[in-house]
Structure formats: structure tokens, C-alpha cells
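Encoded as C-alpha cells, the structure appears first; notes follow it.
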Amino acid sequence: MSNRIKELFQQKNKNILSIFCTAGFPNKNDIVSILEHAQKNGVDMVEIGMPFSDPTADGPVIQYSNTIAINNGMTLKVLFEQLKDIRQKINIPLVLMGYFNPVYQYGVENFLNDANACGIDGVIIPDLPMYEYETMYQQMFEKYKLKNIFLVTPQTSTERIKKIDVLSDAFIYIVSSNAITGGNADIQESQEKYFQRIQAMQLNNPIVIGFGIKDKSTFDTACNYANGAIIGTAFIKAIDQSKDLENDIASFIKKIQA
Amino acid sequence: MSENINSKYQVNEKGYYGQFGGAYIPEMLHPNIEELQQKYLEIIYDENFQKEFQQLLKDYVGRPTPLYFASRLSEKFQTQIYLKREDLCHTGAHKVNNTIGQILLAKRLGKTRIIAETGAGQHGVATATVCALMNLPCVVYMGEVDIQRQAPNVKRMQLLGAEVRPATSGSKTLKDATNEAMRDWIANPTDTHYIIGSVVGPHPFPDMVARFQSVISEEIKQQLNEKTGKENPDFVVACVGGGSNAAGAFYHFLDDEKVQLVAVEAAGHGVHSGKSAATTQLGRIGVLHSSKTLFMQTEDGQVVEPHSISAGLDYPGIGPMHANLFDTKRAHFLSATDDEALKAVQLLAKLEGIIPALESAHAIAVLDRIGAKQNDVVVLNLSGRGDKDLDTYIREII
């Protein structure tokens with residue numbers, strides 16, 4: 001069976017809209033309906049955040065959503081239970097994203113097995129370095145048919161980007177700036193130069209830009225240089241304390257796609 | 001300080017101590033960490049570096065610190081106790097050994113801005129101090145809760161010209177200050193060096209900090225030999241939060257297995273009270289602050305908030321070197337409660353006329369249970385002085 005992420009990029013290589021949402025936020029059992037509304041409104045792919053108490057690469061908004069989710073009782077065990085039948089309703093690619101420790105405690109192989117059983121397509125673990133992935137976990141990822149997605153930042157060397165391209169088999173996550181998630185600034189000229197540099201490398205894998213993508217303007221700019229973009233913090237803000245997820249998600253996505 | 005040390009208790013070339021250590025960093029920090037990994041040994045064992053480092057340790061920090069035979073304390077515990085007086089270092093604790101080393105390193109890396117995390121404020125003060133000395137701007141992250149309970153150290157840092165930024169996320173203590181410092185480093189990767197204060201964090205920090213602190217055991221070895229003719233002590237006792245003073249005190253004795261190494265953790269209200277920081281008893285292996293090590297966590301891997309009356313020991317984990325010393329049983333891990341530490345403060349004050357820091361008092365508190373005999377030589381690393389804890393002592397003791 002082909003991977004949903006690869007199918008997506010084969011069918012559509014421009015303006016891919018991906019959202020990030022912390023599982024268990026705003027309420028413990030919201031993830032399934034968030035996925036349904038996202039798919040219905042034309043979101044192409046979703047990164048489901050696995051909450052962690054100490055999300056070092058994230059800004060205050062995503063840390064807040066992690067804290068709420070943990071307080072709501074969200075754990076990996078609960079998440080896999082919630083996602084057990086998700087493929088009966090959702091056909092867009094789903095990626096799990098989170099820090100290494102909860103995965104390590106769950107058992108990396110158990111985690112990959114259960115993620116695969118739920119129909120998850122890929123995993124992003126920002127603090128699992130390439131060396132540890134290659135030496136300890138790559139074969140396990142392949143066994144359970146899960147794509148490991150690497151991050152590239154403005155500081156990543158050309159040589160390393162090439163190595164990441166070789167190790168990747170889904171897409172590469174381009175971190176837009178030297179910053180944690182949830183930056184407020186618009187996209188600067190220096191960032192566009194960095195995007196152009198990546199674009200000019202003509203990597204084998206599709207590229208998707210994330211961090212600081214928050215509205216139609218930043219989404220459109222990112223899509224000029226990449227196959228798509230990921231919106232996290234702005235989406236978390238849009239559904240924070242939502243009384244009507246269906247409407248709030250629909251109106252947020254319409255504004256991006258307008 | 002010697003470069004090559006072949007020891008199963010030292011870090012290997014991949015950054016691991018046994019199964020502990022590594023560099024579990026997000027990609028954003030990769031260039032910084034890679035640069036450090038490639039250059040740190042070359043830089044710190046460069047002749048000019050060593051000359052400048054040793055000179056500052058002597059003239060600025062006040063090294064060597066005395067190794068003091070504590071006769072009344074020895075009489076009380078029926079053994080031979082020597083105190084390694086790190087409390088007499090400039091700024092009041094061993095922390096400055098490391099900040100001197102790291103700021104010299106930062107300058108050689110061409111960095112123009114320094115950040116640090118701090119719990120009790122001792123590392124923050126030591127960092128602010130060397131930044132003033134080297135004329136570099138300094139930002140210290142400190143948990144909002146710690147800012148309140150260690151107010152005099154906040155003022156000290158400000159007087160030294162540092163900016164103290166409150167960490168307002170999570171438990172608002174040391175681990176959160178560490179998170180905020182990491183975030184700052186992610187945002188400022190090219191001009192900034194992050195001076196980590198303990199033997200924690202991604203490789204090469206644990207090894208680098210241990211090497212800078214190893215001056216403690218280097219001096220102990222020499223001073224003990226001068227005083228007693230003995231090559232080694234029978235026991236070395238030190239408190240452990242992240243573990244930098246213990247790493248320095250143990251360093252040159254790691255391979256002499258006849259030397260019993262005793263690490264003392266903070267038991268807070270009691271190891272199983274739910275308010276404790278006794279990591280080796282309550283923790284499991286996992287990845288925290290970019291290192292695979294032992295720390296206190298829930299079943300599903302969320303970090304548990306620790307408790308200790310001593311802000312410097314109020315950390316949920318220990319460094320990977322100590323995790324390996326625990327795992328291999330090379331070091332013996334004991335713990336002392338808040339109350340035991342407070343009693344030890346009074347004991348040392350009254351018997352020896354020395355008011356210790358709350359952290360160091362934890363090491364004193366276990367002297368009756370390390371199993372030392374009459375003629376055994378026990379070296380206790382008195383890592384800091386008690387000035388910063390006076391408010392607590394006034395509230396709890398006097």
C-alpha cells in the first residue's frame with residue numbers, strides 16, 4: 001500500500017495546507033472532530049501534536065495547549081484509543097508530532113506499531129537526532145511503514161540538507177526562521193533568500209514550510225517557495241476555548257484559502 | 001587539567017556515559033552543538049587557554065581553595081573529615097569554576113552574547129560576574145518562583161549588569177528556566193553562547209562542565225597528599241542536583257575504585273512524600289534537556305515537578321555521568337530531607353563556625369550513615385556558603 005503522504009504530493013504539489021493541532025486540546029476528546037472539520041474544509045494534511053510538559057522548541061501558545069492537554073488527561077495510550085477507527089472517517093495524511101521522551105517511555109517499537117495500526121502515515125520528533133535515528137530506529141520505522149520527517153533550519157548546512165534529503169521519504173519540514181513556534185513577524189527578505197536557497201537545491205523530497213505561518217499572507221508567501229505550509233500556533237489560538245469547533249475551524253480555514 | 005582520560009566512567013566519543021548522555025537536540029541547535037563538540041577539547045587544552053584559565057582561577061576566584069581538617073566535626077562522627085572549601089570561591093560557590101572556563105571558550109568561539117539559566121541564583125551570579133569581567137552582555141533566565149525565593153541573588157545579578165528574565169512557563173523553576181534559555185539559544189544561534197551551569201544538557205556540556213569543575217578533585221588529591229601523605233581519601237561526599245560540584249569532586253577519583261563516592265540527593269519532605277527531588281530513587285531513564293538520563297517523570301513520560309528546600313537541588317533529573325555512576329554502582333547515592341539539611345546547617349555553624357549553603361548541608365546531613373571508620377579519611381565538598389540562604393535560615397531555624 002502506498003503512503004498517503006506520498007499520494008498527496010503526487011496529486012497536488014502546490015499550496016498544500018497543513019495544520020498542527022495538539023491532541024487533547026481544547027478538550028480531551030476533540031481530536032477526531034477537529035480532523036473531520038479540517039478534512040471537510042479542505043485541509044490537506046494534519047500534524048497531531050503529542051503533548052509534552054517541556055516543549056523546548058515551542059513558544060508559549062503551543063506550550064499552553066500542551067499543558068491543557070496533559071491536564072485533560074491526554075496520553076499516548078488515550079490518543080491511540082481515540083484514533084483507533086480514524087481511517088473509517090479520515091483519508092487525508094496524518095502525522096504525529098511531539099518530543100521524544102513520551103515516545104521513549106511508551107516504547108519506540110510499541111509506538112510505531114500502534115501508530116501504524118491507527119493508519120498514521122508519518123512521525124515528526126524534533127529532538128530525535130539523525131544519529132540516534134539512523135543507528136537505533138530507522139529499521140523500526142521502515143518495518144512499521146512510518147515516514148520519519150526531518151526539520152531543516154536556516155542554520156542547517158547544505159551538506160546536511162542533502163543527507164536529510166537522502167534519509168527522507170515523504171517531505172522535509174522547512175523551519176522558517178531561527179525561532180521557536182508562534183513568531184509574530186511577517187516573512188522577512190532574509191527568510192525568502194533562505195527559501196530560495198532551499199528551492200534551488202531541487203531536493204528529491206517535497207518541502208513544506210512551518211513556524212511563523214499564521215495567516216493568508218504568510219501562507220501564500222511560503223507557498224511561493226515550497227509545496228505547502230504548516231499552520232500551528234494560529235490554529236491553536238483559533239480553537240482555544242471554542243464553543244463551536246465546526247464554525248471556528250471552517251472560518252479559520254476559509255480565511256487562509258480566500 | 002589533562003586532556004585524555006581513559007575511563008569507563010568518562011564520556012565516550014559519541015557523547016555517552018554507558019547508556020546515558022547523547023545530544024537529543026532539535027535541528028535548530030545542531031550547528032551550535034556540532035561546533036562545540038568539534039572544538040571544545042581543542043580549545044580548552046590549548047596552552048594559552050589553560051594559562052588564562054589557571055591565572056583567573058588563582059587571582060580572581062581565589063584558588064586553590066583550602067582543604068580544611070574539621071576536627072570537631074571529625075570528633076562528632078568518629079572519623080577524619082576534611083572540608084573542601086568551595087564556599088570560599090569568589091561569588092560563594094564552585095559555580096564560578098565553570099563560568100570562567102565557559103566564557104573563555106565563548107570568546108574563542110567569537111560569541112558576543114551570553115545566556116544562562118539559574119535555580120538558586122548561584123550559577124546566574126557566577127555567569128553575570130564573568131560577563132562583567134569580560135564585558136559581554138548577559139541574560140539570565142530564572143523561574144518566577146525562584147526569583148521570589150532568591151531575591152538577593154536577583155539583585156546581585158542586576159548589580160553586575162545582567163538582565164534577569166523570569167521564566168513564567170510550567171513550574172516556573174529551574175527546569176523551566178532551562179527551557180527558556182534553550183529557546184533563546186534557538187532564536188540566537190550565531191552570536192550567543194549558552195553557559196549551562198551543571199553537568200546536564202546535550203553532549204558536550206556534561207563533559208565540558210565536569211572538566212572545568214575537575215579542578216576541585218585535582219586540588220583535593222594534591223592537598224590531601226601534602227597533609228596526610230595519603231594518595232586518596234577513603235570517601236568523597238558531595239550533594240547532587242544536576243551534579244556539577246559532585247562531578248568536580250569525584251572526577252580524579254573515578255577510576256580508583258577504593259575511593260567510595262557518595263552522592264547526596266535532596267529528599268525534600270521525604271523520598272516517598274510526593275515532594276522530593278531524589279532522582280535516582282524516583283526517576284527512570286528518559287530524555288530531558290537534550291540528554292538521555294535519569295529523571296522524575298510520570299508513567300507516560302511527563303516531567304514531574306521536584307521539591308527541595310534548596311533551590312539548587314530542586315531539579316527533576318541528574319546529569320548523565322551521575323546516572324551512569326548510579327547505574328554501575330560506582331557511586332553510592334543517599335538522600336537527606338529538608339529538615340535534615342537544616343539541622344546540618346546548625347551543626348556545621350556551631351561545630352566549625354561555617355555556615356554552609358543549603359545544598360552543601362545535604363552532604364553534611366549523611367555523615368552518620370556513610371559507614372566511615374575512625375581512621376578513614378572523608379573529604380566533603382562544601383560547595384557553597386550560606387549567605388544566600390539567610391532568609392530561609394531566619395525563617396526555619398533562628
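We name chains A, B, ... by the order of the sequence lines, and we start the count at 1 in each one.
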Under 4.5 Å from a heavy atom of chain B, the part of [X] involved:
X: P55(A); result: both
X: Y106(A); result: neither
X: D58(A); result: backbone
X: I70(A); result: side chain
X: Y131(A); result: side chain
X: E132(A); result: side chain
X: M74(A); result: backbone

What option among [options] has the most heavy-atom pairs under 4.5 Å with chain B?
options: L76(A), T156(A), V175(A); answer: T156(A)
options: T67(A), D127(A), T153(A), V152(A); answer: D127(A)
options: A179(A), P60(A), P129(A); answer: P129(A)

Taking [options] one by one, which has the highest count of heavy-atom pairs under 4.5 Å against chain A?
options: D176(B), I285(B), T298(B), N188(B); value: I285(B)
options: S171(B), P189(B), G22(B); value: P189(B)
options: E299(B), R284(B), E34(B); value: R284(B)

- Query: Where do M28(B) and L151(A) land on the side-chain contact (heavy atoms from CB on, under 4.5 Å) test, with the steps shown first?
  - Reply: CA-CA 8 Å; M28(B) 302 80 160; L151(A) 271 54; 4.0 Å; yes
Please report the closest heavy-atom contact between [X] and [Y], naming both atoms and the distance.
X: Q63(A); Y: G170(B); answer: NE2-N, 4.0 Å
X: S53(A); Y: V303(B); answer: OG-N, 2.9 Å
X: Y24(B); Y: L128(A); answer: CE2-CD1, 4.4 Å

- Item | Side-chain donor-acceptor pair present, Q105(A), Q297(B), cut-off under 3.5 Å |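 Note: Q105(A) and Q297(B) side chains meet the donor-acceptor criterion.
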Nearest-0.5 Å distance, [atom1] of residue [X] to [atom2] of residue [Y]:
X: Y99(A); Y: S290(B); atom1: OH; atom2: OG; result: 10.0 Å
X: T56(A); Y: I25(B); atom1: OG1; atom2: CD1; result: 11.5 Å
X: L288(B); Y: F100(A); atom1: CG; atom2: CZ; result: 13.5 Å
X: R160(A); Y: H30(B); atom1: CZ; atom2: NE2; result: 3.0 Å
X: D54(A); Y: N179(B); atom1: CG; atom2: CG; result: 4.5 Å

- Query: Can E27(B) and Y173(A) be said to form a side-chain contact (heavy atoms from CB on, under 4.5 Å), step by step?
  - Reply: CA-CA 11 Å; E27(B) 182 65 27; Y173(A) 192 133; over 6 Å; no
Polar side-chain atom of [X] near backbone of [Y] as donor-acceptor pair, under 3.5 Å:
X: R183(B); Y: A57(A); answer: no
X: N101(A); Y: V287(B); answer: yes
X: Q302(B); Y: P51(A); answer: yes

- Would you sort out whether K77(A) and D300(B) count as a salt bridge (charged side-chain N to carboxylate O under 4.0 Å, His left out), showing the intermediate values? CA-CA 8 Å; K77(A) 206 172 150 196; D300(B) 49 303; over 6 Å; no
- Side chains of N178(A) and T190(B): does their closest heavy-atom pair fall under 4.5 Å?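 A side-chain contact is absent here, since even the closest heavy-atom pair is not under 4.5 Å.
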- Task: Under 4.5 Å heavy-atom distance to chain A, tell me which part of D184(B) shows up: side chain, backbone, both or neither.
- Result: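 When you check distances to chain A, no heavy atom of D184(B) falls under 4.5 Å.
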- What part of L29(B) lies closer than 4.5 angstrom to a heavy atom of chain A: side chain, backbone, both or neither?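 L29(B) has no heavy atom closer than 4.5 Å to chain A.
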